[in-house]
There are 2 protein chains.
Amino acid sequence: MQALKRLESTLPNDPKAAKTGTRPGGRSARVRTDMVTATLAELTEKGYDQLTVDAICHRAGVHKATVYRRWGGVDGLIADALALSADQPWPIPDTGNVDEDIQLLALEVYTTFTDPDLRTTPTALIGAALRSTLGAAALSAFFTARHQQAAEIVTRAVKRGQLPASVDPVELVRAATAPLYHRLFITGEPLDEPAAHRAAAAALLAARASLFDAAAP
Amino acid sequence: MQALKRLESTLPNDPKAAKTGTRPGGRSARVRTDMVTATLAELTEKGYDQLTVDAICHRAGVHKATVYRRWGGVDGLIADALALSADQPWPIPDTGNVDEDIQLLALEVYTTFTDPDLRTTPTALIGAALRSTLGAAALSAFFTARHQQAAEIVTRAVKRGQLPASVDPVELVRAATAPLYHRLFITGEPLDEPAAHRAAAAALLAARASLFDAAAP
DNA sequence: ATACTAATGCGACGTAGGTCGCGTTAGTTG
DNA sequence: CAACTAACGCGACCTACGTCGCATTAGTAT
């Protein structure tokens, strides 16, 4: 599967990529965004089970062979779509109060995957990513990026003295959001707002009890 | 997909099923266990990506058409394998001390998915279940069963007065194990023993802080 | 502007996944 | 023990996914 290498090197309209031997001029980039857009649309409308390369190609006006060459198949497309999503930054709460910030963070995740107007595409995308090894790898990178971004909440809180300096920022963020993803994508249990609040509160409690210290407990 | 109905009604060597119009006598049951066994074997050896109905059939000595009739495809087989696993009971720690019990519970999950001699089949099975809607439904039922079984730890603890009676048993069990599954199957982050201890400790802490009360907080 | 070459378009092809109708086997019923 | 029928075996068949070689287009370089 040299499609993987291709996928990594084919970054979005990245200016410095122009220096390499590759040719990320107008067309390749256009084809990429078109295909990713079409993939998300098809995924949202039909779901992963009914997702077909032909349908995506037809919608994007791109030939099938091109897709198999660049992405290797549907899974590569989903991984790429997720990689693009990971690049897009993301509103991190900053109210001056950690407890509130973490609560808002959990609430944001909750809303994203619950609000009927918002949930469809993110739910379909992450659900789809869980269905292939390629997608799973992309998902891992996606969450690493998100966790690191959100960790700033904790870093700021430590500077303000609201949390002990020993706490592992990523671990706190992870603990505050993990229960939501767990319900959504593993057990399939219903997700409600109290659950989001519980997750955030429990994470803060554990952090203050030194359970999330960076050094070994 | 009437294959679904079939799957539900085709319970394991269930004596009461003999009363219905169906015929769960010797053969059907044999075919089922043979196919499930073969599915797990193939899954463990080759992984979901390389899993093929033909290979499983050849190994089990069952014809392809039979599989598509009864299970509808590979996903149905995986769902069925998971349903069988959910039926098998499971050692619930009972030391007389809740903290220890919950710690052992988390540790048991950790070991199951980490020990090189144990992890392969469970990891492959749950990973595979995440890859289809049919499997996801079976996985949901699987976790519901497991959570309810493990909730006994909490119920006993409440009787002993080690935890407030208001705590939601399932929520505590879920909180103690969710972080492990989250790392394993969603973010793909490495899982170590301290993580298991953290999850258990954090869950207990939250429960004692009345964060997991059955009534709305 | 002209030559160069990645990248895509194109359509035919091979093959694996899945289906269908019918004959056969093996529990079940009386 | 004999008739009955649900479930399975069998093999041909069909669809659709994925591949391949070559022609064409569109960035790139001089």
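What's counted below: heavy atoms across the whole structure, side chains too, no hydrogens, waters or symmetry copies. Throughout, a chain's letter reflects where its sequence line sits, starting with A, and its residues are numbered from 1.
Going from atom CH2 of B/W71 over to atom P of C/dG18 covers 15 Å, rounded to whole Å. C/dA16 atom C1' lies 9 Å from atom OH of B/Y68, rounded to whole Å. In this structure, A/R70 places its CZ atom 11 Å from C1' of C/dA6, rounding to the nearest Å. In this structure, B/D75 places its CG atom 13 Å from P of C/dG17, rounding to the nearest Å. Rounded to a whole Å, the CZ atom of B/R69 is 11 Å from the P atom of C/dC20. For A/K64 and C/dG11, the NZ to C1' distance is 9 Å, given to the nearest whole Å. The CG atom of B/D34 sits 17 Å away from the P atom of D/dA7 (whole-angstrom rounding).
Although no hydrogens or angles enter the test, the distance criterion places a donor-acceptor pair under 3.5 Å between the side chain of A/T33 and the main chain of A/A29. Between the side chain of B/S140 and the main chain of B/A136, no donor-acceptor pair closer than 3.5 Å is present. No side-chain donor-acceptor contact under 3.5 Å links B/T114 to the backbone of B/T111.
Side-chain contact check for B/T95 versus B/L104: some heavy-atom pair is nearer than 4.5 Å. The closest side-chain heavy-atom distance from B/T121 to B/L43 is not below 4.5 Å.
Between A/H147 and A/F143, the ring-plane angle classifies as tilted under the 30° and 60° cut-offs.
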(message) Wobble G-U and Watson-Crick pairs count when both distances are under 3.5 Å; given that, what is the 5' to 3' dot-bracket string of DNA chain D, with | for pairing to other strands?
(response) |||||||||||||.||.|||||||||||||

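Close to D/dG27, at under 4.0 Å from its OP1 or OP2, lies a side-chain N or O of A/R30.
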(request) Begin with the C-alpha distance, continue with both residues' side-chain angles, and end with the deciding distance and a verdict on side-chain contact (heavy atoms from CB on, under 4.5 Å) for B/I186 and A/H182. (result) CA-CA 8 Å; B/I186 295 189; A/H182 181 255; 5.5 Å; no

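Aromatic rings of B/Y181 and B/F113 (six-membered ring for Trp) have centroids within the 6.0 Å cut-off, being under it.
Checking C/dT8, D/dC10, C/dC10 against the side-chain heavy atoms of B/A65 singles out D/dC10 as nearest.
Residue pairs meeting the side chain to side chain donor-acceptor pair (under 3.5 Å) criterion with at least one member in residues 46-58 of chain A, sequence neighbours excluded: A/E42-A/K46, A/Y48-A/D75, A/D49-A/R131, A/D49-B/T133.
DNA chain C is contacted by A/G61, A/V62, A/H63 of residues 36-63 of chain A, taking any non-hydrogen atom closer than 4.0 Å.
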